[in-house]
2 protein chains.
Amino acid sequence: MATPLNGTILKAFQILRLASFERPDISAQRVQSELGMNFATAHRFLVTLEEAGALISIRRGVYRLGPSVGKMGRLAESTTPHLEAIQPFLDALRARLNESVMLCRFSRAGPTCVAVALAERPITVAIRIGTTLNFLTSAQGRLWLASLEPWERDELLAGESHLVDRPGLEADLAAIRRDGVAQNYGDAEPDIAAVAAPIRNAQGDLLLTVAVFGPKTRFTSDFISMAAESVKRVAGDVEISLTR
Amino acid sequence: MATPLNGTILKAFQILRLASFERPDISAQRVQSELGMNFATAHRFLVTLEEAGALISIRRGVYRLGPSVGKMGRLAESTTPHLEAIQPFLDALRARLNESVMLCRFSRAGPTCVAVALAERPITVAIRIGTTLNFLTSAQGRLWLASLEPWERDELLAGESHLVDRPGLEADLAAIRRDGVAQNYGDAEPDIAAVAAPIRNAQGDLLLTVAVFGPKTRFTSDFISMAAESVKRVAGDVEISLTR
DNA sequence: TTTTCTAATCTCATATAATGAGATATATAT
DNA sequence: ATATATATCTCATTATATGAGATTAGAAAA
């Protein structure tokens, strides 16, 4: 890629990335010391970012991410691309495993089904596009939880505190991160099993989940092993195709 | 404000704001025609924004907001400032109305209580900081719904479709936008009433809600009228103090 | 209240980075 | 294979960003 990049813009985003949950405040002093920028330049960046709506001034010299960023973030999460291009991968996975396959994106209410390849068998499990799964009880939901920072997780699960076995969940999420795959065996629906893998972008952010699902009786341990291998392979193939 | 602003950064955010739910794709051609920018410059901005993580390339020449923006947006929504400065306003409102007062911020699960001033009466209603209210049934929730775009509202309410009387809700939200205040009278909790008003930033984005709440029996129509006036006044005062 | 100090904000000459015209590369349609 | 449209790249010129130093604002100390 030989197109020259605008250094000023890159610096602006470096500054925005200084904000964290633990330390949301951004000041010119902090920009100076953490990014090695001249103080007056840092101040000008902050004032500009305020004017652009990205930051708000909470007191003289101190800024935080503003609501416009929140709005833009919600839009980003609602407009995940590439669905048309991914359908052939879902179809191939369905053919290989002879079970239904679905693709989910993130939503605040839980992983939301955005594409499906239904098994071509007389008895099968179906799901409607647009269905939102539960974070805690679905394989996809656990993949998302495993990808989030603890504070984000806490926030998402705020309404379900009474349902959460914390040490069990943390152990489960650690295993998911280690294995790169998540399962459920009747947790979300009594007779349904699923095996799900993450699809990430070049920066390592979780974009989507791909999962095979079907009647529990058909998910023998041999099938689950094969399915885990297959969904991970397909997820990897989708990731490669997304970087084109 | 005489600090010069960085025009390059302002342009970058103009570009990002081209993305919408109906039209999430951003191309150099679109930047050229909608913002009057030279094609090569527009292309360079897009490539830079991709490198900065704000955009992802979905195919040659076409970009969308990326997951990093989503992450930043979630952080923005979790780190609302000013709470310490607002407490005296809550205390004054409580003294004036002799009922409890609470401040709520936005969260995906619903308006979340971030500050309280409890009524100094023997019989009162209490709420714990951190409590999340329901979007549909709380006055604060309806204020938030009234401030959102239809697609955002639909997304938030996705899990509650069966509960939503759409024409009734739209009429209610239109009235809330017109009046600048929202009420609930036993909708969220059977014996609790509340009157809530929005606190906005300089750009008009809803930051927080301030509400008075208490036992339904004490919320006579005279009291509700007076409370509506008072919460709106306090909300305005808070807004002025936020611009300092 | 006044004074002092520190950090934030502002100004402007200079340096550097951004711009845009035009060349080149790529993908698609024929 | 060729033609066309659009995306990507290059580089001389121009415009904008930078940073040193001056000024201002606000908080703390006397």
Side-chain angles (χ1 to χ4, degrees), chain A residues 1-16 18-19 23-52 54-64 66 81-82 84-85 202 240-244, chain B residues 1-16 18-19 23-52 54-64 81-82 84-85 88 202 240-244:
Chain A
M1 187 82 75
T3 298
L5 304 176
N6 282 354
T8 303
I9 298 172
L10 293 178
K11 285 180 203 161
F13 279 90
Q14 271 188 294
I15 289 171
L16 292 178
L18 289 179
R23 193 173 177 189
D25 289 354
I26 306 180
S27 64
Q29 233 191 3
R30 187 174 171 202
V31 173
Q32 180 182 41
S33 63
E34 296 188 25
L35 301 180
M37 200 182 285
N38 168 275
F39 197 97
T41 301
H43 169 69
R44 184 168 46 242
F45 267 90
L46 295 177
V47 170
T48 299
L49 286 167
E50 186 189 16
E51 178 68 26
L55 295 178
I56 55 170
S57 167
I58 62 171
R59 64 183 178 271
R60 191 174 183 245
V62 183
Y63 300 79
R64 287 193 186 187
H82 309 312
E84 328 84 52
I240 289 165
S241 83
L242 294 186
T243 58
R244 194 119 15 159
Chain B
M1 187 82 75
T3 297
L5 304 176
N6 282 353
T8 304
I9 298 172
L10 294 180
K11 284 181 203 159
F13 279 90
Q14 272 188 297
I15 289 171
L16 293 178
L18 289 179
R23 194 175 177 189
D25 289 354
I26 307 181
S27 63
Q29 232 191 1
R30 187 172 171 206
V31 174
Q32 179 183 39
S33 62
E34 294 187 28
L35 301 181
M37 201 184 283
N38 168 275
F39 197 98
T41 301
H43 169 68
R44 184 167 46 240
F45 268 92
L46 295 177
V47 169
T48 299
L49 287 166
E50 184 189 19
E51 178 68 27
L55 294 178
I56 56 170
S57 167
I58 62 173
R59 62 185 179 269
R60 191 173 183 247
V62 184
Y63 300 81
R64 287 192 187 191
H82 311 307
E84 327 84 53
I240 289 165
S241 82
L242 294 185
T243 58
R244 197 124 8 170

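Below, chain A is the first sequence line, B the second, and so on; all start at residue 1.
Taking only side-chain atoms of A/His43, from C-beta outward, the nucleotide of C/dT11, C/dT19, C/dA8 with the closest atom is C/dA8. For A/Phe39, the listed nucleotide lying nearest its side chain is C/dA7; candidates were C/dG20, C/dA7, C/dC10. Distances from the side chain of A/Pro4 to the nucleotides C/dA8, C/dT19, D/dT10 place D/dT10 closest. Of all nucleotides listed (D/dT18, C/dG20, D/dA7), C/dG20 comes nearest to the side chain of B/Arg44. When the nucleotides D/dG19, D/dT18, C/dT9 are ranked by their closest atom to the side chain of A/Asn38, D/dG19 comes out on top. For B/Lys11, the side-chain atoms get nearest to C/dT19 when compared with the rest of D/dT18, C/dT9, C/dT19.
The structure places CZ of B/Phe39 at 10.0 Å from OG of B/Ser33, a figure rounded to the nearest 0.5 Å.
Regarding contacts with the backbone of D/dA17, a side-chain N or O of B/Thr8 is found under 4.0 angstrom from either OP1 or OP2. The phosphate of D/dT18 (OP1 or OP2) has a side-chain N or O of B/Asn6 nearer than 4.0 angstrom.
Heavy atoms of A/Thr41 sit under 4.0 angstrom from at least one base atom.
Ranked by how close their nearest DNA chain C nucleotide is to the 5' end, B/Met37 and A/Tyr63 are led by A/Tyr63.
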Pairs: protein N or O with nucleotides 22-30 of chain C N or O, under 3.5 Å:
{"residue": "C/dT26", "atom": "O4'", "partner": "B/Arg60", "partner atom": "NH2", "Å": "3.4"}

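For the pair B/Ala42 and B/Ala28, the tightest heavy-atom approach, listed with the atom from each and the gap, is CB-O, 3.8 Å.
Take A/Arg30 and apply the salt bridge (Lys or Arg N to Asp or Glu O under 4.0 Å) test, not counting sequence neighbours, and it matches A/Glu34.
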Using distance only, find each side-chain donor-acceptor pair of residues 4-13 of chain A under 3.5 Å and give its atom names and separation, not counting sequence neighbours.
none

